[in-house]
**Student:** 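Sharing a structure below in structure tokens format, with a few things to ask.
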Amino acid sequence: MDGNPFGAFREECLSILRDALGEEGVAITEGEIKLTVPPDPSHGNLSFSTHTTARRAGVEPRALADRIVERAKDAQKRLVAKVEGAGGGYVNFFINETEFAELTLNSITSMGKDYGSSKGNGEKVIVEHTSVNPIHPIHIGGARNAVIGDCLSRILKAAGNDVRRHFYIDDVGLQVAQASYGFGKIGGVAREGKSDHLIGFIYATTSCAMNIKALRAEIERLKSKGKDEDARQKIMELDDWVGAASDLRAKNEKMFDAISGSIMSTEDPEAEVAGLLRRYEERHKEAVRLIRGLSELALAGFKETLRRVDIEFDSWDWESELASWSGEADKVVERLSRTDFVKVEEGTVILDAELTAKRFNLKERYGIKTEVPPLTLKRSDGTTLYTTRDIAYTLWKFERADRVINVISIEQRLPQLQLKLALYALGEGEMAERLTHFSYELVHLPGYKMSGRRGRYVTFDDVIDEAVERAYREVSVRSPHLSEEERKGISELVGVGSVRYALIAVASNKPITFTWERVLNFEQNSAPFIQYSHARASNILLKAEGGWREGGTPDYGSLNTKYEHDLIVRLGSFPETVEEAARTLRPEMIAEYTNDMVSKFNLFYDNVPVLKTKEGGARRARLRLVEATKTVLANALWLIGIEAPARM
RNA sequence: GGGUCCGUGGCGCAGACUGGAUAGCGCGUCGGCCUUCUAAGUCGAUGGUCGAGGGUUCGAAUCCCUCCGGACCCGCCA
């Protein structure tokens, strides 16, 4: 239990409670004993509410609490200093500050970087995240995915899982074919800028041109039929696309004209795109060269961005290879076709998701109140759809892992549900149960809606650049004594850190409205706030030099201010926090914890002198505490992928 | 239209899964603290019918129902 100090204290409280209740003859189930941290520190460090138990046993809560307190007096205690009854039915447990300080600080000192981590069961977990389509740069919504996925991976690893991070490259989609089609039209126009930004421009231009062409034809058709009201509707849509197109043209006239001109003079561009996709699925050389070429360019851009924010992958999974060319997607369709959940209508293969859900009694289990829409597995031209390929990919992943977590935006809730149902239909229901769709809400921009097709988005790169620039101005004002090189280095890790923190600190199921002030906050409750404390702790240790460790034993009993006590309890709670964040898949808990711990460290810093402490044992104990704080801060920051600077 | 998620001081959030003691934090505004380890810090003041209304309970921000508001989904897109 040494690796989990507060957990050890909790266990001791539980043991005292169990014994006392047993002696009282009060029956209780294990899950019923819930210890909570009381709102007021004067009520102790953990508290038990007797109300539920007492009522069931037919006794007064206050009386039961008093009896427990009486029994607790005889109990063997190490980390528990005293047990009190209060508030008419509460049993409050107070920590033995000296014992707890010694246990906690020794644990942290001996475990170092491993403090907070646990052995776990070594379960193989695949976390698939980011997986941005190779048709535009990673925008701020994709950035949320990347940051969440990366933090989840780190936390699960710390909790003792064997984690592999996978990026799924959706190179078989209609959109990639569309972007590639436009890519084939740029001819000799000079390419400039970051590769994924270029691809984003080409995709948006292609999509605008195709939409404008299609809408114009549709409007003519409606007008000739006298459907003026419908036509007016389409004209409004057209205006929106024309607006987007004119913004794009302003960015790169030559390239825009090359793509748009070619599309406008083509009879049926949609058919051309569909043909390209079909040839790609069939692995025709020219289609592969074009689509792979474009995808590689986009990926090179992604990798550059991700490297900057310290996000790495263990595997880059090409959808074309794993699902299409391997024949696995077709096998999925065949296997499903042999069941009675699948029907063929006008050449398309369709899974009856509703029937599947009913047959396996999944409607209640998955909380489905309405009819589940059918899932098209195969188009009439023989090509597969995304979810079909995702089924094949899921089977592939389960050959390599016990558990799979897909970080995918909430927009894909339905297809992810259909994916699970399809697994049941295949007789692989057990996989469905070990598959988690970790969904997160979208990032909105105030004023307008992001749209890759229209080229309207704020890129991850832009956000990082702006953050680093602002951080540089801030560093220059606050620390003019540092060298230019140092200021640059600090602003990079502060800028990147604040973006990561802003994206991880909000619970995933809440939408985020992106504003610069919000993401680039350098005050309290932000990455710089935390990093600054790490730098302060580092600085104390730097000034103390190494000698203090050898001088004698630390006097843990001297750590008796409330500032020290609060900080130590927080440090001792880190392993429990990591465990809970991993179990409930809530990375924002780490951000919350870290912020809270830093607040407590700052109070300690402002109220308790360390280097100036006269008495040797007390000085050593305080230095130990500072060192432990630095360690836990660095460990916590690592979990959320933020660098811990020694100076700021 | 149907479904899912969200709604907590002027703004941004935590707490909800597992009900428990006067609902926490940051920003903002106003006023303090640098001859003491980095003031990106800290102290105080200000500010809340926890969207509204019912219900369950000894006890509800938390669970249930209805309604209101917002987002998302309901494609031979992903």
Side-chain angles (χ1 to χ4, degrees), chain A residues 31-32 34 36 38-40 43 47-52 54-55 61 86-90 92 131 133 135 170 173-176 178 274 345-350 367-373 376-381 383-387 390 408-415 417 439 441-442 444 452-453 471 474-475 477-479 481 494 502 505-507 509-513 515 517-518 521-526 528-533 535-544 584 586 588-589 591-592 595-596 598-599 602-603 605-613 622 626 647-648:
Chain A
E32 201 176 306
K34 211 179 102 184
T36 56
D40 186 333
H43 292 138
S47 175
F48 175 66
S49 164
T50 60
H51 296 86
T52 310
R55 282 182 63 80
Y90 293 93
N92 296 330
S131 302
N133 284 356
I135 49 172
D170 174 28
L174 212 45
Q175 284 93 331
V176 182
Q178 195 177 39
E345 278 175 12
E346 293 167 24
T348 69
V349 184
I350 299 163
I368 308 167
K369 284 187 187 161
T370 51
E371 193 170 307
V372 189
T376 303
L377 297 167
K378 217 165 190 182
R379 296 190 183 94
S380 49
D381 71 353
T383 55
T384 54
L385 282 106
Y386 175 82
T387 307
D390 202 11
I408 300 176
S409 89
I410 192 149
E411 291 174 297
Q412 293 200 42
R413 190 188 165 89
L414 176 61
L417 172 68
S439 77
E441 268 287 355
L442 306 179
H444 301 281
R453 301 172 186 207
E474 207 78 9
V475 174
V477 170
R478 297 178 198 264
S479 306
H481 56 284
V494 165
V506 179
N509 61 349
K510 307 249 181 154
I512 293 179
T513 300
T515 61
E517 311 80 77
R518 190 204 144 86
N521 162 33
F522 290 146
E523 304 284 329
Q524 195 161 341
N525 201 352
S526 71
F529 173 72
I530 297 162
Q531 290 170 316
Y532 181 67
S533 293
R536 279 176 142 186
S538 302
N539 200 45
I540 292 176
L541 295 169
L542 185 75
K543 292 198 169 166
T584 58
R586 279 164 55 196
E588 71 275 11
M589 282 185 67
E592 189 74 18
N595 192 65
D596 187 46
V598 162
S599 296
N602 285 333
L603 286 180
Y605 185 95
D606 279 344
N607 292 285
V608 182
V610 178
L611 297 174
K612 288 195 160 50
T613 308
R622 285 176 178 167
V626 173
R647 303 182 72 178
M648 269 178 82

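Keep in mind it's a predicted model, so treat the numbers as computed, not measured.
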**Student:** Relative to the 5' end of RNA chain B, which residue comes earlier, A/Leu174 or A/Tyr605, by the nucleotide with the nearest heavy atom?
**Tutor:** A/Tyr605
**Student:** Establish, with yes or no, whether the OP1 or OP2 oxygen of B/rG75 is under 4.0 angstrom from a side-chain nitrogen or oxygen of A/Arg379.
**Tutor:** no
**Student:** Any base atoms under 4.0 Å from A/Pro373, or only sugar-phosphate, or nothing? Heavy atoms, all strands.
**Tutor:** sugar-phosphate
**Student:** Has the side chain of A/Ser47 got a donor or acceptor that lies under 3.5 Å from a partner of the other kind on the base of B/rA21?
**Tutor:** yes
**Student:** Sticking with atom C1', work out how far B/rG15 lies from B/rA78, rounded to a whole angstrom.
**Tutor:** 35 Å
**Student:** Looking only at side chains, do A/Ser533 and A/Asn602 share a donor and an acceptor under 3.5 Å apart?
**Tutor:** yes
**Student:** For B/rC30 and B/rU36, measure between their P atoms and round to the nearest Å.
**Tutor:** 28 Å
**Student:** Which heavy atom of A/Glu411 sits nearest to which heavy atom of A/Leu442, and what is that distance?
**Tutor:** OE1-CD2, 3.7 Å
**Student:** Starting at CD of A/Glu592 and ending at P of B/rA16, how long is that distance when rounded to a whole Å?
**Tutor:** 11 Å
**Student:** Hey, does the side chain of A/Lys378 come within less than 4.0 Å of B/rC76's phosphate (OP1/OP2), counting only N and O?
**Tutor:** no
**Student:** Just compare B/rU42, B/rA78, B/rC6 and give me whichever is closest to any side-chain atom of A/Asn509.
**Tutor:** B/rC6
**Student:** Under 4.0 Å, counting only non-hydrogen atoms across every strand here, what does A/Phe529 touch: a base, just sugar-phosphate, or nothing?
**Tutor:** sugar-phosphate
**Student:** For A/Gln412, report the nucleic acid contact type (base, sugar-phosphate, nothing); a contact means any heavy atom under 4.0 Å.
**Tutor:** base
**Student:** Out of curiosity, A/Arg647 CZ to A/Gln531 CD, how far, rounded to the nearest 0.5 Å?
**Tutor:** 15.5 Å
**Student:** Indicate, yes or no, whether a donor-acceptor pair under 3.5 Å links the base of B/rA21 to the side chain of A/Asn92.
**Tutor:** yes
**Student:** Counting side-chain heavy atoms from CB outward, which of B/rC13, B/rU4, B/rA21 is closest to A/Arg413?
**Tutor:** B/rU4
**Student:** Quick check against the 3.5 Å criterion: does A/Asn607 have a side-chain atom that pairs as donor or acceptor with the backbone of A/Leu603?
**Tutor:** yes
**Student:** To the nearest 0.5 Å, what is the distance between OH on A/Tyr605 and CZ on A/Arg536?
**Tutor:** 4.5 Å
**Student:** Does A/Ser380 make a side-chain donor-acceptor contact with the base of B/rC76, cut-off 3.5 Å?
**Tutor:** yes
**Student:** Between B/rC25, B/rG41, B/rG20, which one does the side chain of A/Asn595 approach most closely?
**Tutor:** B/rC25
**Student:** Take atom P in B/rG7 and the same atom in B/rC50, then report the distance between them in whole Å.
**Tutor:** 14 Å
**Student:** Between A/Phe48 and A/Phe522, just flag the one whose closest nucleotide in RNA chain B comes earlier from the 5' side.
**Tutor:** A/Phe48
**Student:** So which nucleotide does B/rG41 pair with, by the Watson-Crick or G-U wobble rule with both distances under 3.5 Å?
**Tutor:** B/rC33
**Student:** For B/rU18, which nucleotide is its Watson-Crick or G-U wobble mate, given both distances must be under 3.5 Å?
**Tutor:** none
**Student:** In whole angstrom, give the distance that lies between atom CE of A/Met589 and atom C1' of B/rC13.
**Tutor:** 15 Å
**Student:** Taking 4.0 Å as the cut-off, does a side-chain nitrogen or oxygen of A/Arg55 come that near to OP1 or OP2 on B/rC58?
**Tutor:** yes
**Student:** Tell me the interatomic distance from A/Glu474, atom CD, to B/rA40, atom P, rounded to whole angstroms.
**Tutor:** 9 Å
**Student:** What's the closest nucleotide to the A/Arg518 side chain, out of B/rC13, B/rC76, B/rA78?
**Tutor:** B/rC13
**Student:** Mark yes or no for a side-chain to base donor-acceptor pair under 3.5 Å between A/Thr52 and B/rG20, with no hydrogen or angle criteria applied.
**Tutor:** yes
**Student:** Contact class for A/Val608 vs. all strands (heavy atom < 4.0 Å): base, sugar-phosphate, or nothing?
**Tutor:** base
**Student:** Roughly, in whole Å, what's the span from NZ in A/Lys510 to P in B/rC17?
**Tutor:** 14 Å
**Student:** In this structure, how many angstroms lie between the P atom of B/rC43 and the CG atom of A/Asn607, rounded?
**Tutor:** 8 Å
**Student:** Which nucleotide sits closest to the side chain of A/Met648: B/rA40, B/rG20, B/rC72?
**Tutor:** B/rA40
**Student:** State, to 0.1 Å, how close A/Ser380 and A/Glu346 come at their nearest heavy-atom pair, and which atoms those are.
**Tutor:** CB-O, 3.9 Å
**Student:** Just to confirm, is there a sub-4.0 Å distance from OP1 or OP2 of B/rG19 to any side-chain nitrogen or oxygen of A/Lys34?
**Tutor:** no
**Student:** Does a side-chain N or O of A/Arg586 approach OP1 or OP2 of B/rG15 to a distance below 4.0 Å, or not?
**Tutor:** yes
**Student:** At their closest point, which heavy atom of A/Pro528 faces which heavy atom of A/Met648, and how far apart are they?
**Tutor:** O-CE, 3.9 Å
**Student:** For a quick check of understanding: with a heavy-atom distance under 4.0 Å over all strands, which category does A/Ala544 fall into, base, sugar-phosphate or nothing?
**Tutor:** nothing
**Student:** I want to verify the glycosidic state of B/rC34; is it syn or anti under the 90° rule?
**Tutor:** syn
**Student:** Of all the heavy-atom pairs spanning A/Ala537 and A/Val626, show the shortest one and how long it is.
**Tutor:** O-CG1, 3.6 Å
**Student:** From the set B/rA40, B/rC74, B/rA78, return the single nucleotide nearest to any side-chain atom of A/Val494.
**Tutor:** B/rA40
**Student:** Find the partner of B/rG28: check Watson-Crick (N1-N3 plus N6-O4 or O6-N4) and G-U wobble (N1-O2, O6-N3) distances, both under 3.5 Å, and reply none if neither fits.
**Tutor:** B/rU46
**Student:** Could you check whether any side-chain heavy atom of A/Glu474 comes within less than 4.5 Å of a side-chain heavy atom of A/Val494, counting everything from C-beta outward?
**Tutor:** no
**Student:** Roughly how far apart, to the nearest Å, are B/rA23 and B/rU62 at atom P?
**Tutor:** 14 Å
**Student:** To the nearest Å, give me how far apart CG (A/Leu442) and P (B/rG70) are.
**Tutor:** 17 Å
**Student:** Pick base, sugar-phosphate or nothing for A/Leu414, based on heavy-atom distances below 4.0 Å to the nucleic acid.
**Tutor:** sugar-phosphate
**Student:** Indicate whether A/His43 forms a stack on B/rA21; treat it as stacked only if centroid distance is below 5.5 angstrom and interplanar angle below 30 degrees.
**Tutor:** yes
**Student:** Classify A/Pro61 by what it touches in the nucleic acid, base, sugar-phosphate, or nothing, heavy-atom distance under 4.0 Å.
**Tutor:** nothing
**Student:** Do we count A/Tyr532 as stacking onto B/rG41 if the rule is ring centres under 5.5 Å and planes under 30°?
**Tutor:** no
**Student:** Donor-acceptor check, side chain of A/Arg379 to backbone of A/Thr348, threshold 3.5 angstrom: yes or no?
**Tutor:** no
**Student:** How about A/Arg478 and A/Tyr532: do any of their side-chain heavy atoms sit closer than 4.5 Å?
**Tutor:** no
**Student:** Each nucleotide N or O in nucleotides 33-36 of chain B that has a protein N or O under 3.5 Å away: list the pair and distance.
**Tutor:**
residue, atom, partner, partner atom, Å
B/rU36, O2', A/Lys612, NZ, 2.9

**Student:** Using purine N1 to pyrimidine N3 plus N6-O4 or O6-N4 for Watson-Crick, or N1-O2 and O6-N3 for G-U wobble, both under 3.5 Å, which nucleotide pairs with B/rA78?
**Tutor:** none
**Student:** Which nucleotide wins on minimum distance to the side chain of A/Thr376, given the candidates B/rC76, B/rG3, B/rG41?
**Tutor:** B/rC76
**Student:** What is the distance from CD of A/Glu588 to P of B/rA16, rounded to the nearest Å?
**Tutor:** 11 Å
**Student:** With heavy atoms under 4.0 Å as the rule, sort A/Ser49 into base, sugar-phosphate or nothing.
**Tutor:** base
**Student:** Which atoms form the tightest heavy-atom contact between A/Ile410 and A/Ser439, and what is the distance?
**Tutor:** CA-CB, 4.0 Å
**Student:** Give me the distance, rounded to whole Å, that separates B/rC72 from B/rC63 when you measure between the P atoms they each carry.
**Tutor:** 25 Å
**Student:** Please classify the nucleic acid contact of A/Val475 as base, sugar-phosphate, or nothing, using heavy-atom distances under 4.0 Å.
**Tutor:** base
**Student:** Taking atom C1' of B/rG44 as reference, at what distance in whole Å does atom CG of A/Leu603 sit?
**Tutor:** 14 Å
**Student:** Looking at A/Arg478, does any N or O in its side chain come under 4.0 Å of the phosphate oxygens OP1/OP2 on B/rG41?
**Tutor:** no
